[in-house]
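To keep things clear, I will list the structure first and then write my remarks on it.
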Amino acid sequence: MRMLIGSMLFILLKVITVEARCEGKRDIVFLLDMSGSVGLRNFKLMLNTVASIADNFYIGPYNTQIGVDVFSTSVKTAIKLKDYNNRYYLERAIKKIKYKGGWTNTHHGLNHVQYNSFSYRYGHRYNVPRIAIVLTDGQSQHKSRTLKAARNLKNAGVKIFSVGIGSGIDWSEVRGISSTGRKRASPNWALKVNNFVELSKSSTSLLITETACSVGSVIKPHARFNGLRIN
């Protein structure tokens, strides 16, 4: 009996893990490339990555809010900042976003983020840090317009983390989109990954999470029991 109880306690301790989850107020908008070069399979991997990143934050009006925009030839908001204050429903909605191919008009996406997605009517909160996370697998149709739109967005006070995926990217464009820290200790806000499989690795999600979390935040231990979140 004593051995049985000991075994059960060991299994229970193995099931319970303590994870770091980011708390604190910030508004994050993901801008996702769904142009023709991405394809449906890779787009689903991208959505899974975004959902994985979202899972690393406390979600709600007193913590992080997350919105998602998608762009190709045109751009639209799939999820507004104000739409979800529950992590489970947010992640489920992210994974249900529909794919539509087209051109890579990144500048339209960046302009939409500035003038719509971070507006108060979409749920942006006054005096809360704003972060845009751009994921793209190729060169934009209009590089100069893209860099100008990114510059305008950064000048408006938005921090931009840009991720270039695969061999078809223009790295100078990806770097140009991203924010840069004034201090050497500031995190790198541009990332290059070899393919969508590498994008979907937990290490990639963690890197993006840590950079976003560094903007006005703290990390709080979070207990998870058998997949059920205990807030």
Side-chain angles (χ1 to χ4, degrees), residues 27-51 53 66-81 94 97-119 122 124 130-181 187-200 204-205 207-208 211-212:
D27 287 340
I28 300 176
V29 172
F30 286 88
L31 180 61
L32 309 181
D33 183 352
M34 63 170 183
S35 60
S37 59
V38 174
L40 178 59
R41 180 178 178 276
N42 288 333
F43 187 68
K44 288 184 178 294
L45 290 175
M46 188 187 293
L47 294 180
N48 288 337
T49 299
V50 173
I53 296 170
I66 290 180
V68 182
D69 292 345
V70 289
F71 74 93
S72 54
T73 304
S74 59
V75 58
K76 73 172 185 176
T77 293
I79 298 173
K80 295 178 182 177
L81 288 168
I94 289 170
I97 295 174
K98 301 296 183 182
Y99 170 74
K100 178 182 178 182
W103 299 106
T104 312
N105 285 327
T106 314
H107 65 290
H108 288 329
L110 292 166
N111 287 332
H112 183 82
V113 168
Q114 179 176 353
Y115 295 110
N116 295 285
S117 304
F118 279 124
S119 66
Y122 275 46
H124 171 58
R130 293 169 293 167
I131 304 167
I133 301 177
V134 182
L135 281 72
T136 182
D137 83 323
Q139 303 174 29
S140 67
Q141 305 300 134
H142 305 281
K143 182 175 180 178
S144 61
R145 295 182 188 178
T146 295
L147 294 179
K148 180 180 178 180
R151 187 165 57 249
N152 290 340
L153 185 57
K154 288 180 282 189
N155 288 339
V158 177
K159 298 283 289 185
I160 305 177
F161 191 111
S162 58
V163 183
I165 308 160
S167 59
I169 62 169
D170 180 340
W171 180 236
S172 66
E173 181 179 65
V174 173
R175 288 291 303 270
I177 292 171
S178 70
S179 296
T180 54
N188 190 350
W189 286 75
L191 176 66
K192 183 193 299 182
V193 295
N194 293 325
N195 49 53
F196 283 90
V197 174
E198 184 176 331
L199 175 70
S200 64
T204 304
S205 298
L207 175 61
I208 297 172
T211 304

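All residue numbers in this chain count up from 1 along the given sequence.
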Is any side-chain heavy atom of Ile94 closer than 4.5 Å to a side-chain heavy atom of Phe30? no
Does a side-chain heavy-atom distance below 4.5 Å link Phe196 with Thr49? no
With salt bridge (charged side-chain N to carboxylate O under 4.0 Å, His left out) as the rule and sequence neighbours excluded, what pairs involving residues 28-41 come up? none
Would you say the side chains of Ser172 and Lys143 form a donor-acceptor pair under 3.5 Å? yes
Closest non-hydrogen atoms of Arg175 and Ala190, given as atom of the first, atom of the second and distance, are CD-CB, 3.3 Å
Smallest separation among heavy atoms of Val113 and Ala132, with atom names: CG1-CB, 4.3 Å
Between Asn116 and Tyr122, which heavy-atom pair has the shortest distance, and what is it? O-CG, 3.2 Å
Could you check if a side-chain atom of Ile177 sits within less than 4.5 angstrom of a side-chain atom of Thr146, using non-hydrogen atoms only? yes
Among Leu153, Asp69, Leu147, whose side chain to side chain contact (heavy atoms under 4.5 Å, CB included) with Leu110 holds? Leu153
Considering non-hydrogen atoms only, spot the tightest contact between Glu198 and Lys192 and give its length. OE2-O, 4.4 Å
Specify the closest pair of heavy atoms between Ile165 and Asn195, including all atoms of both residues, with the distance to one decimal. CG2-C, 3.6 Å
Does any non-hydrogen side-chain atom of Ile160 lie less than 4.5 Å from one of Trp189? no
Pairs in or reaching into residues 147-157: which pass side-chain hydrogen bond (donor to acceptor under 3.5 Å, both in side chains), with residues at least two apart or in two chains? none
Verdict with supporting geometry, Thr77 and His112, side-chain contact (heavy atoms from CB on, under 4.5 Å): CA-CA 9 Å; Thr77 293; His112 183 82; 2.8 Å; yes
Give a yes-or-no answer on whether the side chains of Ser37 and Asp137 include a donor-acceptor pair shorter than 3.5 Å. yes
For Ile66 against Leu81, the heavy-atom pair lying closest together: C-CD2, 3.9 Å
Please tabulate, for side-chain N and O atoms in residues 100-108, each donor-acceptor pair with protein atoms closer than 3.5 Å (sequence neighbours left out).
from	atom 1	to	atom 2	distance (Å)
Thr104	OG1	Ser35	OG	3.3
Asn105	ND2	Thr73	O	2.9

With side chains defined as the heavy atoms from C-beta onward, is the minimum distance between Val163 and Thr204 less than 4.5 Å? no
Report yes or no: does Ser162 contribute a side-chain atom to a donor-acceptor pair with the main-chain N or O of Val134 at less than 3.5 Å? no
Mind checking whether Leu47 and Tyr99 have side chains closer than 4.5 Å, heavy atoms only? no
